A.B. asks: 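Provided herewith is a single structure, encoded as C-alpha cells, for subsequent inquiry.
Chain naming here is simple, since letters A, B, ... match the order of the sequence lines and numbering starts at 1 in each. Only a predicted model underlies this, so the values are computations on that prediction, with no experimental measurement involved.
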Amino acid sequence: MTPAAVRAALAHPAGLSTAAAIELQHAARPLVVATGIRGTPRLVAGIDVSIASGAAHAAVALFDLERWRVVEIARAGAAVTFPYVPGLLAFREVPVVLAAWRRLRTRPDLLLVDGHGTIHPRRFGLACHLGVVLDLPAIGVGKTRLCGQARQPGPRRGAATRVLLGGEVVGRLLRTRDGVAPLWISIGHRITLDDAVRMTLRCGSRFRLPDPIRAAHAAAAGNDIDIASVRRKNAPPRSRPA
DNA sequence: GCGACAG
DNA sequence: ATCTTGTCGC
Ligand SMILES: [Mg+2]
C-alpha cells in the first residue's frame, strides 16, 4: 500500500472492519513525522466531537493567538458509523471532523486535537490521523490515559514528566494548571514533543484545556450553556502567565 | 485467561 | 461520549 493510498483510506474510513482498521493504523504509523515546526504558529485549530444518540457533531474552532480570540468556527453533523473501541476512536470521529473541515475558510498553522496522538497502542491515534490526512502540524491532547506509563508531574503549571510505552518516550504528562489533573500531550504530526508541550501551554492560561479545544468542545456540543460559559470567561492571553 | 481501556 | 444539581474546596 502506497503512502497516498494509506492517506486516502484514512480520509474515508467508511465500512472498515476493526481488523482492517487496525491494519490501516499499522500501515499509517510510518507516515507520522516528528520534525520541528517552522516559525511560530498563529492560527490554531481546536478540534472536538460530541455525540448524542447516534448523531455526531464536530467543530473546528480557529483561534488567533495574536488577538487571543476565536476567529472562525466550522461545524458539521453526521450519523455515527463506527462503535467506540479504545484505540480506534479515529474511525468514529474523523469522518465528521473532515466534514466540518471542508467548511473552514482559512487554513490553520496547527491542529490541537481532543484525543491522543502517538500515545496509542500502535502509535497512531486520532491526532495522527488528522495530521497526516490534512498534512498539517498536529498535537494530541488527551484528558485521560489510554496507554503508557508516567510519573505524576509536579503540582505547578508547566511541570511535566515523560510518557513511556514499550521502553520508548511517546508523550508527556503536562500540568497546565496548578493543582489540577495533567494533560497527556503527544505528537500528532510534523512537530516535536518539546514544541507540542510549548504550544499547548501557549494556547491556554487559566483553564486546564487549551482555549482552542475549549471553544471547539463548546461549539461541538451546541450547548448554549457551554458556549456562553466559554465566551464569558474568555481567558485573557498573558494577564497571568507561567 | 485476566485486566486495562482516548472519546 | 452521555446521563445531571448540588456541593465541597480554594
Ligand atoms: Mg472529544
Side-chain angles (χ1 to χ4, degrees), chain A residues 10 13 18 21-22 24-25 28-29 32 46-61 75-100 111-132 138-150 155-157 163-166 170-189 196 200 206-210 212-226 228-229 233 240:
Chain A
L10 291 173
T18 64
I22 289 173
L24 181 54
Q25 290 183 324
R29 164 145 91 137
V32 173
I47 299 177
D48 192 25
V49 173
S50 73
I51 294 188
S53 56
H57 286 279
V60 178
R75 319 196 334 138
V80 174
T81 61
F82 203 90
Y84 169 65
V85 179
L88 301 181
L89 178 66
F91 296 91
R92 190 175 166 79
E93 303 198 340
V94 163
V96 214
V97 170
L98 294 183
L111 266 35
L112 263 195
V113 182
D114 181 55
H116 296 293
T118 55
I119 300 179
H120 179 276
R122 291 168 290 285
R123 313 287 196 284
F124 201 78
L126 176 61
C128 300
H129 278 251
L130 293 173
V132 168
I139 297 173
V141 180
K143 299 182 289 296
T144 62
R145 193 188 84 101
L146 167 61
C147 60
Q149 299 295 322
R156 313 295 289 182
R157 167 181 164 85
V163 176
L164 299 168
L165 185 58
V170 295
R172 291 246 260 272
L173 188 53
L174 173 70
R175 187 89 58 187
T176 53
R177 211 192 145 170
D178 293 359
V180 172
L183 256 25
W184 299 74
I185 304 304
S186 60
I187 291 171
H189 191 48
T200 297
R206 338 165 10 195
F207 304 99
R208 181 196 184 208
L209 290 175
I213 288 183
R214 277 169 51 85
H217 185 83
N223 184 327
D224 292 333
I225 296 176
D226 282 10
S229 171
K233 299 182 177 178
R240 206 192 71 181

A.B. asks: How close do A/A127 and A/G115 get, heavy atom to heavy atom, and via which atoms?
C.D. replies: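 Minimum heavy-atom contact is CB-O, 4.2 Å.
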
A.B. asks: I want to verify a distance call: between C/dT2, B/dC5, B/dG7, whose nearest atom is closest to the A/S50 side chain?
C.D. replies: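 Of C/dT2, B/dC5, B/dG7, C/dT2 is nearest to the side chain of A/S50.
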
A.B. asks: With sugar-phosphate meaning primed atoms plus P, OP1 and OP2, does A/L88 contact a base, only sugar-phosphate, or nothing at under 4.0 Å between heavy atoms?
C.D. replies: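 Here A/L88 touches the bases of the nucleic acid.
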
A.B. asks: If you look at every strand shown and take non-hydrogen atoms under 4.0 Å, does A/G140 touch a base, only sugar-phosphate, or nothing?
C.D. replies: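 Here A/G140 touches no strand at all.
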
A.B. asks: What nucleic acid atoms does A/I51 come within less than 4.0 Å of, heavy atoms only: base, sugar-phosphate, or nothing?
C.D. replies: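 A/I51: backbone/sugar contact only, no base atoms under 4.0 Å.
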
A.B. asks: Output the distance between atom CZ (A/R157) and atom CZ (A/R175), rounded to the nearest 0.5 Å.
C.D. replies: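 Between A/R157 CZ and A/R175 CZ, I get 12.5 Å after rounding to 0.5 Å.
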
A.B. asks: For the residue pair A/H129 and A/F124, does the interplanar ring angle fall in the parallel (under 30°), tilted (30 to 60°) or perpendicular (over 60°) class?
C.D. replies: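 The arrangement is tilted - the two ring planes meet at 30° to 60°.
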
A.B. asks: Does a side-chain N or O of A/K143 approach OP1 or OP2 of B/dA6 to a distance below 4.0 Å, or not?
C.D. replies: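 Looking at the OP1 and OP2 atoms of B/dA6, neither is under 4.0 Å from any side-chain N or O of A/K143.
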
A.B. asks: Base, sugar-phosphate alone, or nothing: which one does A/I119 contact when heavy atoms must sit under 4.0 Å apart?
C.D. replies: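 Nothing, no nucleic acid heavy atom in range.
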
A.B. asks: CG of A/L165 versus C1' of B/dC5: gap in Å, rounded?
C.D. replies: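 Going from CG in A/L165 over to C1' in B/dC5 covers 13 Å.
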
A.B. asks: Nearest 0.5 angstrom please: A/R214 CZ to A/R206 CZ, how far?
C.D. replies: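 These two atoms lie 8.0 Å from each other.
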
A.B. asks: Please report, rounded to the nearest Å, how far the P atom of B/dG7 is from the CD1 atom of A/I213.
C.D. replies: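 Distance check: A/I213 CD1 to B/dG7 P gives 10 Å.
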
A.B. asks: Can you measure A/Y84 atom OH to B/dC5 atom P for me and round it to whole angstrom units?
C.D. replies: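 Whole-Å distance recorded here is 10 Å.
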
A.B. asks: Check A/V97 against A/V60 and note the closest heavy-atom contact, atom names and distance.
C.D. replies: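 Taking A/V97 first and A/V60 second, the nearest heavy atoms are O-CG2, 4.5 Å.
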
A.B. asks: Phosphate oxygens OP1/OP2 of B/dG7: is one of them under 4.0 Å from a side-chain N or O of A/T144?
C.D. replies: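 Yes, within the criterion.
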
A.B. asks: Expressed in angstrom and rounded to an integer, what is the separation of A/Q149 atom CD from B/dA4 atom P?
C.D. replies: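 Distance, rounded to whole Å: 13 Å.
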
A.B. asks: Write down the distance between NE2 (A/H217) and P (C/dA1), rounded to a whole number of angstrom.
C.D. replies: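 Taking atom P of C/dA1 as the reference, NE2 of A/H217 is at 5 Å.
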
A.B. asks: Can you check whether A/W184 stacks with the B/dA6 base, using ring centres under 5.5 Å and planes within 30°?
C.D. replies: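 Stack criterion not met.
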
A.B. asks: Give the rounded distance in Å between these two atoms: NE2 of A/H116 and P of B/dC5.
C.D. replies: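 Nearest whole value for this atom pair: 11 Å.
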
A.B. asks: Just to confirm, is there a sub-4.0 Å distance from OP1 or OP2 of B/dA4 to any side-chain nitrogen or oxygen of A/R145?
C.D. replies: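 Answer is no, no contact under 4.0 Å.
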
A.B. asks: Write down the distance between CZ (A/F82) and P (C/dA1), rounded to a whole number of angstrom.
C.D. replies: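 Roughly 19 Å, once rounded to whole Å.
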
A.B. asks: Send over the distance from A/F91 CZ to B/dA6 C1', rounded to a whole Å.
C.D. replies: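 Value for this atom pair: 14 Å.
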
